[in-house]
Every structure is written in C-alpha cells, then in structure tokens.
Amino acid sequence: MAAALAVAEMSPVIEAAMIDAAWSLVWRSLRDVADLAHADSSMPENPVARISVAVPTDSRSAGVPVQPSWHVWSDGPDLPDTPVQRRTAVVQTQDRDSRVKRQVKAWYDNGCQFCGTVIELPTPPFAYSEAAHIQALGAPHNGPDRIESVLCLCPNCHVRFDMGARLLTDELRIIDSATGEDLGPLTVHAQHRIRLEYIRQHRSRWVNT
C-alpha cells in the first residue's frame with residue numbers, strides 16, 4: 001500500500017489532500033499493530049495454542065509432535081464393507097405385561113419418581129422414562145411383573161436403583177446408600193400402591209435390614 005501511495009503522489013489527477021489522508025491511515029494502522037505486539041499480557045489466551053501445547057512430543061525427534069494412532073484413515077486400500085456375521089441362537093425372554101409399564105408411566109407423565117426429570121423428545125412418544133422393577137425380574141430374585149413392584153424412573157435413577165446406589169425405606173424415602181443421606185420422599189401417585197415386601201426385598205440385596 002505504501003508503494004501505491006508513493007506512485008499516487010506523482011499523479012496529476014489525485015489531489016494532495018487525499019494522499020495525505022491515506023498516508024495518515026497507513027501510519028495509524030502500523031502504530032496499532034506495534035501496540036498490539038507489545039501488549040501480549042492483555043491479549044486473550046488462544047485456545048488453539050493451548051491445545052497445541054498439550055500434543056505429546058517425541059524427545060528423540062527434537063520435539064516433533066507424535067502422530068496419534070487414532071487419526072482418521074483417509075488413504076489406503078479401498079476395502080469393501082462387509083456385513084457383520086450373524087448366528088442363530090435360542091434365548092429365553094421375560095414375558096412382560098406392557099400394560100403395567102404403560103399405566104405406571106401414565107400416572108407420572110413420564111416424570112422420574114426419584115428426581116422429577118422428564119426427558120422430552122421431538123417425536124412421539126415425546127417423552128422417555130423407564131419402568132424399574134423394585135424386586136428384579138431376573139433370577140435369583142424372580143420378581144413379579146405387576147404395578148405394585150414397578151416405579152417410573154429416568155435412566156440415571158434406574159441404574160442407581162438397580163445397582164443399589166439408591167434405596168427406599170419402609171416410609172418410601174429415598175436414601176443415597178453411599179453417604180446415607182436422605183434425599184427426600186418418593187413421589188407416589190394416589191392410585192399407585194407399592195407393596196412393602198418388594199421394597200424390603202430390594203433393600204436386603206444391599207444392606208442388612
């Protein structure tokens with residue numbers, strides 16, 4: 001740009017005032033660049049630079065970044081995609097009554113009885129929850145598939161309950177088994193009858209009652 005202005009000064013067409021203004025703009029730009037160069041401490045940290053520092057280096061290669069083994073493979077032989085092999089197996093499945101879980105979920109409108117979470121979806125059924133059996137269905141527990149032994153829980157609370165991280169007292173209060181903290185009462189619909197024997201069976205799996 002400076003060279004262009006030097007040529008313009010010799011032009012009989014361009015006015016001197018216009019050239020002076022252009023030179024002033026150039027000098028201000030240069031001064032701003034210099035100011036920024038001396039103000040490193042006030043510049044915001046570059047997140048990309050922080051990431052590059054974290055890239056492991058090989059001391060044997062004078063600090064050359066180590067190429068990760070998980071990089072995307074874009075070159076190489078064009079191998080055909082083959083479907084996963086399948087085999088025939090005979091398995092036993094639990095013959096569950098879908099009406100039980102539908103009724104329990106409907107009472108709570110898919111809200112978690114432990115934490116109140118409702119997982120909303122953009123398409124039908126528009127909300128997601130899970131039917132958690134208080135007395136587990138599988139062996140050796142062999143619990144019943146009935147409303148009195150089913151809770152409506154979010155996936156996180158379902159896992160916590162199944163793994164003993166959450167317990168219920170006889171008064172239907174939620175207990176954090178790791179800390180012993182009382183997390184509050186279980187949300188219970190007026191029509192939802194929960195049998196105490198199932199609560200105690202679940203609790204006996206994790207603590208002596």
Side-chain angles (χ1 to χ4, degrees), residues 47 50-51 54 56 68-73 81-209:
R50 184 170 64 248
I51 294 173
S69 59
W70 38 259
H71 67 280
V72 177
W73 185 23
D81 291 333
T82 56
V84 176
Q85 293 184 354
R86 290 167 172 80
R87 58 187 175 88
T88 301
V90 178
V91 297
Q92 286 186 332
T93 60
Q94 297 165 344
D95 188 12
R96 300 173 59 175
D97 188 348
S98 62
R99 294 173 299 179
V100 170
K101 69 175 183 180
R102 285 202 304 267
Q103 178 60 76
V104 174
K105 290 183 178 185
W107 277 334
Y108 300 98
D109 200 19
N110 289 297
C112 179
Q113 288 181 253
F114 279 8
C115 67
T117 296
V118 177
I119 300 176
E120 297 181 350
L121 305 174
T123 57
F126 300 111
Y128 178 79
S129 62
E130 296 181 353
H133 287 79
I134 300 172
Q135 181 171 338
L137 299 182
H141 314 292
N142 300 318
D145 187 27
R146 54 189 300 173
I147 285 176
E148 295 87 349
S149 185
V150 173
L151 300 174
C152 178
L153 300 180
C154 69
N156 286 347
C157 288
H158 191 177
V159 171
R160 293 186 182 108
F161 186 66
D162 281 356
M163 301 304 293
R166 296 289 184 269
L167 305 175
L168 290 173
T169 67
D170 287 359
E171 296 75 28
L172 299 183
R173 298 193 66 83
I174 307 165
I175 304 298
D176 184 330
S177 64
T179 63
E181 181 183 358
D182 186 332
L183 302 178
L186 177 73
T187 300
V188 182
H189 190 275
Q191 295 177 264
H192 192 184
R193 299 289 185 261
I194 299 173
R195 292 184 62 170
L196 185 57
E197 63 183 275
Y198 303 142
I199 296 291
R200 290 176 175 174
Q201 192 280 336
H202 173 268
R203 199 167 62 234
S204 69
R205 294 169 54 192
W206 314 104
V207 297
N208 294 324
T209 55

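Heavy-atom basis, side chains included; hydrogens, waters and symmetry copies ignored.
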| message | Does anything in residues 101-126 form a salt bridge (Lys or Arg N to Asp or Glu O under 4.0 Å)? List the pairs, not counting sequence neighbours. | response | none
| query | Judged by atom type as modelled, is there a donor-acceptor pair below 3.5 Å linking the side chain of S149 to the main-chain atoms of Q135? | reply | yes
| field | Worked verdict on R205 versus H141 for side-chain contact (heavy atoms from CB on, under 4.5 Å) | value | CA-CA 9 Å; R205 294 169 54 192; H141 314 292; 3.2 Å; yes
Could you tabulate the donor-acceptor pairs under 3.5 Å formed by side-chain atoms of residues 187-194, not counting sequence neighbours?
from: H189; atom 1: ND1; to: Q191; atom 2: N; distance (Å): 3.0
from: H192; atom 1: ND1; to: Y108; atom 2: OH; distance (Å): 2.6
from: H192; atom 1: NE2; to: I147; atom 2: O; distance (Å): 3.2
from: H192; atom 1: NE2; to: V150; atom 2: O; distance (Å): 3.1
from: R193; atom 1: NH1; to: A190; atom 2: O; distance (Å): 2.6

| field | Atom of L151, atom of L186 and distance for their closest heavy-atom approach | value | CD2-CD2, 4.1 Å
| task | Go through the structure and list residues passing side-chain contact (heavy atoms from CB on, under 4.5 Å) with D170, not counting sequence neighbours. | result | L196, R200, R203
| field | Residue pair P185 / I174: nearest heavy atoms and the distance that separates them | value | O-CD1, 3.9 Å
| Just how far is it from atom SG of C152 to atom CG of N110, taken to the nearest 0.5 Å? | 5.5 Å
| query | How many angstroms lie between atom CD1 of I134 and atom CD1 of I199, to the nearest 0.5 angstrom? | reply | 4.0 Å
| task | Locate the shortest heavy-atom distance separating V118 from A127; write the atom from each residue and the value. | result | CG1-CB, 4.3 Å
Less than 3.5 Å apart, which donor and acceptor atoms pair up between the side chains of residues 154-168 and the rest of the protein, not counting sequence neighbours?
from: H158; atom 1: ND1; to: E130; atom 2: OE1; distance (Å): 2.7
from: H158; atom 1: NE2; to: D162; atom 2: OD2; distance (Å): 3.0

| request: Not counting sequence neighbours, which residues clear side-chain hydrogen bond (donor to acceptor under 3.5 Å, both in side chains) with H202? List them please. | output: none
| Sequence neighbours excluded - side-chain hydrogen bond (donor to acceptor under 3.5 Å, both in side chains) pairs with any residue from residues 176-185 | R173-D182
